Amino acid sequence: MKIKTVCVIGLGYIGLPTAALLANRNYYVHGVDVVQSTVDTINEGKIHIVEPELDTFVRSAVNSGKLKADIQPIEADCFIIAVPTPFHHNNDLHACPAPNIDYVVAATRSIAPYVRPGNIVILESTSPVGTTDKVAEVLAESGVDTSLVHIAHCPERVLPGHIMRELVANDRIVGGTTPDATKATADFYRTFVSGQVLETDAKTAEMAKLTENSFRDVNIAFANELSILCDKFGIDVWNLIALANRHPRVNILQPGAGVGGHCIAVDPWFIVDAAGGSARLIETARRVNDYKSEWVIEKVKNTALTFENTHGRKPKIACMGLAFKPDIDDLRESPALFITRRLIADGMDVLAVEPNIDKFKEFDIINFNEAIAKADIIVFLVGHKVFSGLRIADKVVLDFCNVTHY
Ligand code: SAJ
């Protein structure tokens with residue numbers, strides 16, 4: 001079946017770029033989001049998220065009439081589900097957070113009345129193993145004859161900040177619930193992806209995505225553990241890693257204030273949750289990375305105490321950066337935000353800085369030059385470019401991301 005129309009469910013960081021790209025490749029795209037203001041913004045040719053080049057793609061897609069947003073799905077040749085798969089937050093720090101696939105189930109139910117024989121239904125959301133089968137199950141329960149529909153998983157793999165390029169250039173993994181579904185879905189991606197489209201089954205595709213992000217989490221945990229050890233031994237961890245990386249088979253990642261974002265800080269838990277205790281390394285890495293943020297908080301508090309003992313007053317502390325990684329405005333699962341919130345809650349006098357955000361509902365955000373001028377202790381939590389190479393005299397500087405040395 002030749003695909004002409006595509007319905008994309010979820011117009012966030014993955015769904016909107018995908019919808020806009022497809023519309024620019026001559027598909028008629030119907031984008032669906034449950035938030036009316038998101039739908040309205042897109043229909044005006046504008047965007048509600050920060051991502052380079054996305055505005056140009058959306059504007060031209062909407063102007064050409066090939067992209068329309070709505071809060072309801074319609075019939076289409078192909079359906080792409082790109083909704084969040086977070087975890088259930090719980091207050092027990094020692095428990096493993098459980099994946100939450102409620103949005104996938106709700107999105108699947110919402111398209112069921114419009115799915116016809118010969119259609120393709122693709123799950124792009126990063127998902128626990130078995131979720132694509134669950135999509136098939138929900139469609140079947142809703143009256144769809146799933147033997148006549150191609151159902152597959154094709155995990156998104158794009159890096160925020162480079163989404164429009166990576167959507168086209170990255171290799172993709174496609175795993176169907178049947179070999180025919182794999183083939184039909186892979187052929188669809190081949191019409192707009194310049195990277196290779198690799199075929200497998202649904203479970204392997206699901207696990208491949210979780211594996212990629214867990215691999216990165218484990219490697220960052222190694223760097224974060226090194227940073228704690230080096231602090232104990234009085235060694236500069238950045239210099240140590242640079243030296244060790246000169247070995248031809250060593251490539252250590254960079255330590256930081258912890259690991260954040262909606263992907264790497266979340267996806268490994270999907271494996272741990274299903275592993276029944278067998279994912280020991282992956283679980284430990286997650287905990288090491290979470291612990292790194294606690295360690296940073298302790299460091300800052302101890303430094304504040306020393307200051308207070310010497311100067312007879314509480315220091316002003318500038319928290320430099322709130323985003324989950326450099327040069328973005330995304331605060332999801334951000335270690336820098338977690339650290340800043342905790343310092344405030346624990347009674348510290350904090351000046352919060354985030355150059356990529358103007359306003360924040362919980363506390364004031366101030367300009368970084370003003371914060372540096374006013375603060376006694378400057379804590380670099382995110383390696384934003386604007387902080388790079390800042391030379392600060394006569395102040396206590398705690399640089400947890402090596403940004404001042406560039
Ligand atoms: N980080 C470090 N040290 C490093 C690299 C990263 O501490 O050396 C931290 C960052 O500061 C951030 C976190 O890790 O807090 C995650 O950042 P990231 O740049 O590693 O990854 P994401 O979450 O922006 O995107 C990842 C990517 N996955 C991999 O690189 C394996 C991306 O390709 C995925 O599409 C995305 O997750 C996703 O959506 O799953």
Side-chain angles (χ1 to χ4, degrees), residues 10 12-18 49-52 82-87 99 123-128 153-167 169-173 195 205-228 237-238 241-242 245 251-271 282 285-286 288-293 295-296 320-339 356 380-385 387 399-403:
Y13 283 89
I14 302 303
L16 181 58
T18 305
I49 49 181
V50 174
E51 178 60 36
V83 294
T85 43
F87 51 55
L123 175 66
E124 279 218 9
S125 315
T126 304
S127 298
H153 183 47
C154 179
E156 59 85 9
R157 293 171 124 181
V158 287
L159 197 69
H162 304 267
I163 292 180
M164 296 320 297
R165 183 177 56 79
E166 290 205 357
L167 267 182
N170 287 2
D171 292 347
R172 298 296 292 257
I173 298 174
E206 288 159 346
M207 188 61 180
K209 171 61 197 253
L210 302 180
T211 300
E212 290 159 18
N213 281 354
S214 299
F215 170 86
R216 197 154 166 84
D217 201 38
V218 168
N219 280 277
I220 300 169
F222 183 71
N224 276 332
E225 185 158 295
L226 280 181
S227 70
I228 294 171
V237 68
W238 316 98
I241 290 175
N245 281 350
N251 189 8
I252 304 166
L253 293 177
Q254 300 299 303
V259 168
H262 47 109
C263 310
I264 297 194
V266 175
D267 303 348
W269 287 123
F270 294 1
I271 296 180
I282 295 171
R286 226 17 346 270
V288 167
N289 285 331
D290 281 350
Y291 170 69
K292 182 65 193 288
S293 305
W295 185 85
V296 168
M320 307 291 280
L322 297 174
F324 88 79
K325 66 175 190 176
D327 304 317
I328 58 165
D329 67 339
D330 194 337
L331 300 178
R332 287 178 291 175
E333 309 296 332
S334 168
L337 179 59
F338 171 80
I339 292 163
N356 300 297
F380 286 94
L381 297 170
V382 187
H384 290 311
K385 275 199 195 84
F387 301 155
D399 183 355
F400 294 104
C401 46
N402 201 29
V403 67

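Note that ligands are numbered from 1 as they come in the structure, with each ligand's atoms numbered from 1 the same way. Source: prediction; values computed, not measured.
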Which donor-acceptor pairs under 3.5 Å do side chains of residues 158-167 form with protein atoms, sequence neighbours excluded?
unit_1 : atom_1 : unit_2 : atom_2 : d
Glu166 : OE1    : Leu159 : N      : 3.0
Glu166 : OE1    : Asn170 : ND2    : 3.0

### Message
Are the side chains of Ile241 and Pro255 in contact, using a 4.5 Å heavy-atom criterion?
### Response
yes

At less than 4.0 angstrom from any non-hydrogen atom of [X], what atoms of ligand 1 do you find?
X: Glu156; answer: 35 (O), 38 (C), 39 (O), 40 (O)
X: Glu212; answer: 31 (C)
X: Gln254; answer: 2 (C), 3 (N), 4 (C), 7 (O), 8 (O)

Note the single closest protein heavy atom to [atom], along with its residue, its atom name and the distance in Å.
atom: atom 37 (O) of ligand 1; answer: Cys263 CB, 3.2 Å
atom: atom 31 (C) of ligand 1; answer: Asn213 OD1, 3.3 Å
atom: atom 25 (O) of ligand 1; answer: Leu159 CD1, 3.5 Å

### Task
Could I get the full list of salt bridge (charged side-chain N to carboxylate O under 4.0 Å, His left out) partners for Asp171, not counting sequence neighbours?
none

### Query
Could a heavy atom of Lys209 be found less than 4.0 Å from some atom of ligand 1?
yes

### Message
Taking a cutoff of less than 4.0 Å between a non-hydrogen atom of the residue and any ligand atom, is Gly260 in contact with ligand 1?
### Response
yes

### Task
Kindly identify the option in Arg332, Lys325, Arg216 whose heavy atom sits closest to atom 17 (O) of ligand 1.
Lys325

### Query
Should one rank Ile252, Val259, Val158, Ile264 by closest heavy-atom distance to atom 26 (C) of ligand 1, which comes out on top?
Ile264

